[in-house]
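Below you'll find the structure, written out as structure tokens, and then a few comments.
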Protein chains: 2
Amino acid sequence: MARVGLTRERLTRDGAELADEQGFDAVTVSAVARRFDVKAASLYAHVKSTDDLRTGVALLALEELADRVAEAIAGRSGREALAAFAAAYRDYARAHPGRYAAARFRLDPQTAAASAGVRHAQMTRALLRGYDLAEPDQTHAVRMLGGMVHGFVELEAAGGFAHTAVDPQASWDWTVDALDAMLRARAHAA
Amino acid sequence: MARVGLTRERLTRDGAELADEQGFDAVTVSAVARRFDVKAASLYAHVKSTDDLRTGVALLALEELADRVAEAIAGRSGREALAAFAAAYRDYARAHPGRYAAARFRLDPQTAAASAGVRHAQMTRALLRGYDLAEPDQTHAVRMLGGMVHGFVELEAAGGFAHTAVDPQASWDWTVDALDAMLRARAHAA
DNA sequence: GCCGCTTCCTACACACTATAGGCAAATGAC
DNA sequence: GTCATTTGCCTATAGTGTGTAGGAAGCGGC
């Protein structure tokens, strides 16, 4: 009966690759089963449902992305840290579009609370410590920064920048500069 | 045989309502058929496929949203126009989450070119004329602004702001203020 | 070798997409 | 009014995906 050696972990990793190749929506029980050359029903011993499979991919992506961001901001501060932080997100989204989409997958509250999502929030706050913002400005800045990075990355991925000749990288650098200037201007402003 | 009076337009409108109620992913041929108390096969006389149905909803949402934005910025300029522009997007997303998601639906290039999407781009540029930016700064600003608004709205919709007590409206106002200050600082800076 | 557990299988019930072809209601000609 | 045509919705069917139940083959411990 030629055992393939399925594991929840292997299915999750394969799901992540499938997401990058065909999009996160293509991550289904039967698609992954086909890649292992196995019947779909066999996967149900390892994952509870398609939703469960996707949740696994989402958690993996959040973890990977948090690791990269952590490495990017380690030992840096101020503008340099901001640029590295933003670049970590953008580079990951460009290298692994499916995983990036997976990281956006809606998790139920307690799964989210136990995920690497909290590390993302902590790192964003850590980054902003360099700008010395008092509350509630710091929270405002966390939200603005998160929205900015995510929004830019998503519009770029969706092809929204394809109709103009201007290099997206230049727009990105310009935006990061603007963010830095904005945050510095608001330091101590509470 | 009790004709219900199906039309492509009625199916599209109903799809938009379904999207707001159950999410854009719930917009399927059979779900809409159920709402009209009709067999799924009957819909295929009016829409070519599920994708076609969703495209219709997306075009409707883009149109509606463009109308609202146009109304919001009419007769305003500068900071006031920026605030109204941003509020139009956010308010629409909060009132019609499914349609907002639909507006993000990936259209094939020629459908996109014939959609209200181009009005959105034109209005964004029109808004930025008030800040007197030279190229390529204007394009950078268009991208930044688009990303910012979309990213903030999406994170808010995804519940990303639920873990902190700070009022999202306050963060929104703070962000719009910061954007305005930043754009003014960059006027003529080419 | 044999027992027991795990892994993967077949079989099945059900839902959604999509096509083909049928029948009846609405519409227009007269 | 009635008849023919068009249109609208139907049934039937094939294909694919999800998820459950139960069966058989592999693998380890002894």
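Only heavy atoms go into these numbers, but all of them, side chains included; no hydrogens, no water, no symmetry mates. Note that the coordinates shown come from a computational prediction; the quantities given were computed from them, not determined experimentally. Lettering follows sequence order; numbering is per chain, from 1.
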(message) Just the rounded figure in Å: distance from P of C:dT6 to CG of A:Leu43.
(response) 18 Å

(request) For the side chain of A:Val29, starting at C-beta, report the closest nucleotide among D:dT18, D:dC10, C:dT17. (result) D:dT18

(message) Given 3.5 Å as the limit, does a donor-acceptor pair link the side chain of B:Arg54 with the main chain of B:Asp25, or not?
(response) yes

(request) Establish, from distance only, whether the side-chain atoms of B:Arg143 and B:Gln138 form a donor-acceptor pair under 3.5 Å. (result) no

(request) Could you tell me whether B:Asp67 and B:Arg119 make a salt bridge, using a distance below 4.0 angstrom between a side-chain N and a carboxylate O? (result) yes

(request) Compare side-chain N and O positions of B:Thr50 against OP1 and OP2 of C:dA18 and report whether any pair is under 4.0 Å apart. (result) yes

(message) Is A:Thr28 close enough to D:dG17 that one of its side-chain N or O atoms is under 4.0 Å from OP1 or OP2 there?
(response) no

(message) Measure OH/B:Tyr44 against C1'/D:dT11 and give the value in whole Å, please.
(response) 16 Å

(message) Students often get this wrong, so: under 4.0 angstrom with heavy atoms, is B:Ala31 touching a base, only sugar-phosphate, or nothing?
(response) nothing

(message) With a cut-off of less than 4.0 Å, is there a side-chain N or O of A:Ser30 near OP1 or OP2 of D:dT18?
(response) yes

(message) For a quick test of reading the model: is some side-chain N or O of B:His46 closer than 4.0 Å to OP1 or OP2 of D:dT7?
(response) no

(message) So B:Ala41, base contact, sugar-phosphate only, or nothing? Heavy-atom distance under 4.0 Å.
(response) base

(request) Nearest whole angstrom, please: distance from the P of D:dT16 to the CG of A:Asp25. (result) 20 Å

(request) Using whole Å, report how far CG of A:Leu6 lies from P of C:dC8. (result) 4 Å

(request) In whole angstrom, give the distance that lies between atom CG of B:Leu53 and atom P of C:dC16. (result) 14 Å

(request) Before accepting this row, confirm whether a basic side-chain N of the pair A:Arg13/A:Glu9 lies closer than 4.0 Å to the acidic partner's carboxylate O. (result) yes

(request) Starting at atom CZ of A:Arg8, determine the distance to atom P of C:dC8, rounded to an integer number of angstrom. (result) 16 Å

(message) Looking at A:Glu156 and A:Arg94, is there a salt bridge between them, counting it only when a charged N and a carboxylate O are closer than 4.0 Å?
(response) yes

(message) When you measure from the side-chain N and O atoms of B:Arg34 to the phosphate of C:dC16, is any distance below 4.0 Å, counting only OP1 and OP2?
(response) yes

(request) In whole angstrom, give the distance that lies between atom CG of A:Asp51 and atom P of D:dG19. (result) 8 Å

(request) For the side chain of A:Lys39, starting at C-beta, report the closest nucleotide among C:dT10, C:dA18, D:dG19. (result) C:dT10

(message) What is the distance, to the nearest angstrom, from the NZ atom on A:Lys48 to the P atom on D:dT20?
(response) 11 Å

(message) Please confirm whether the shortest side-chain N or O distance from B:Ser42 to OP1 or OP2 of D:dG8 is below 4.0 Å.
(response) no

